[in-house]
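The structure under discussion appears below in the form of structure tokens.
Numbers for residues simply follow the sequence, beginning at 1. As a basis for the values below, the full set of heavy atoms in this structure was taken, side chains included, without hydrogen atoms, waters or symmetry mates.
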Amino acid sequence: QVQLVESGGGLVQAGDSLRLSCATSGFSFASYAMGWFRQAPGTERKFVATINYSGRFTYHADSLKGRFTISRDNAKNTVYLQMNSLEPEDTAVYYCAATKDSYSDLIESKADYWGQGTQVTVSS
């Protein structure tokens with residue numbers, strides 16, 4: 001049974017940092033590219049960042065470069081999203097996803113598996 005379980009969300013103030021985790025099981029994590037997405041209320045889900053299977057290559061949404069960083073630990077079957085200098089506009093449900101194909105496919109939300117999401121709320 002494939003599982004992707006996000007954690008680390010919560011209520012923080014503007015300027016704070018959070019690190020989200022996505023613990024996975026049920027598939028060969030080290031063979032999959034991973035990604036993070038977010039969905040704010042009343043909007044479509046949007047791409048945040050992606051990382052290839054080894055962790056060597058990453059890509060972040062242009063608007064988030066410099067504040068958000070994706071990483072992974074294949075020994076722990078976990079992908080992370082470090083979020084710094086959080087802004088109220090970052091308030092959203094954050095989802096992780098996995099694809100057996102290229103990490104670039106996740107930029108277009110082409111994923112094989114999705115997590116259930118974790119809420120991040122940033123107050124001003």
Query raised in the report: Taking atom CZ of R72 and atom OG of S21, what is their separation to the nearest 0.5 Å?
Result: 13.5 Å

Query raised in the report: Can you list the residues that meet the ring pair (Phe, Tyr, Trp, His ring centres under 6.0 Å) rule with Y94, with sequence neighbours excluded?
Result: none

Query raised in the report: Can Y59 be reached from Y53 by stepping across I, L, V, M, F, W or Y side chains whose heavy atoms are under 4.5 Å apart?
Result: no

Report task. Return yes if some donor-acceptor pair links the side-chain N/O of E6 with the main-chain N/O of Q116 below 3.5 Å, else return no. Result -> yes

Requested in this report: Please check if atom NZ in K65 has more than 12 non-hydrogen atoms from other residues, nucleotides or ligands closer than 6.0 Å.
Outcome: yes

Query raised in the report: Should H60 and I70 count as side-chain neighbours, where that means a heavy-atom distance under 4.5 Å?
Result: yes

Query raised in the report: Between atom CZ of R45 and atom CZ of R38, what is the distance when rounded to the nearest 0.5 Å?
Result: 14.0 Å

Query raised in the report: What are the two closest heavy atoms between L4 and C22, and how far apart are they?
Result: CB-SG, 3.9 Å

Query raised in the report: Are any side-chain N or O atoms of T91 and backbone N or O atoms of V122, one a donor and one an acceptor, separated by less than 3.5 Å?
Result: yes

**Report entry** Minimum side-chain heavy-atom gap V120-M83 below 4.5 Å
**Finding:** yes

**Report entry** Any T58 side-chain heavy atom under 4.5 Å of Y103 side chain
**Finding:** no

Query raised in the report: Which pair of non-hydrogen atoms, one from V79 and one from C96, has the smallest distance, and what is that distance?
Result: CG1-CB, 4.4 Å

Report task. Compare every heavy atom of K76 with every heavy atom of T78, then report the nearest pair and how far apart it is. Result -> OG1-O, 2.8 Å

Report summary line: Hits for ring pair (Phe, Tyr, Trp, His ring centres under 6.0 Å) against F27, two or more places apart or cross-chain, chain-then-number order -> Y32, Y113

Query raised in the report: Under 3.5 Å, side chain of R19 to main-chain N/O of G8, donor-acceptor pair present?
Result: no

**Report entry** Distance, nearest 0.5 Å, that separates CZ of R67 from CG of L86
**Finding:** 6.5 Å

Query raised in the report: Below 6.0 angstrom between ring centroids: does that apply to W36 and F68?
Result: no

Query raised in the report: Going hydrophobic residue to hydrophobic residue with side-chain gaps under 4.5 angstrom, can you get from F47 over to W114?
Result: yes

Requested in this report: Look up atom OG in S102 and atom CD1 in I107, then write down how far apart they are to the nearest 0.5 Å.
Outcome: 8.0 Å

**Report entry** Within one Ile-Leu-Val-Met-Phe-Trp-Tyr cluster: V93 and V12, side-chain cutoff 4.5 Å
**Finding:** no

Report summary line: Rounded to the nearest 0.5 Å, the CG atom of N77 sits from the OG1 atom of T24 at a distance of 4.5 Å

Query raised in the report: What residues form a ring pair (Phe, Tyr, Trp, His ring centres under 6.0 Å) with Y95, not counting sequence neighbours?
Result: none

Requested in this report: Look at the side-chain heavy atoms of Ile, Leu, Val, Met, Phe, Trp and Tyr, link any pair under 4.5 Å apart, and say whether F57 and M34 land in one connected group.
Outcome: no

Query raised in the report: Hey, any chance L20 and L64 share a hydrophobic cluster, counting ILVMFWY side chains that come within less than 4.5 Å of each other, even indirectly?
Result: yes

**Report entry** Distance (rounded to the nearest 0.5 Å) between S85 OG and D16 CG
**Finding:** 9.5 Å

Query raised in the report: Under 4.5 Å between any side-chain heavy atoms of T118 and S7, yes or no?
Result: no

Query - Heavy-atom pair of closest approach, residues A14 and S124 - result: CB-CA, 4.4 Å

Query - Q119 atom CD: more than 12 heavy-atom contacts under 6.0 Å - result: yes

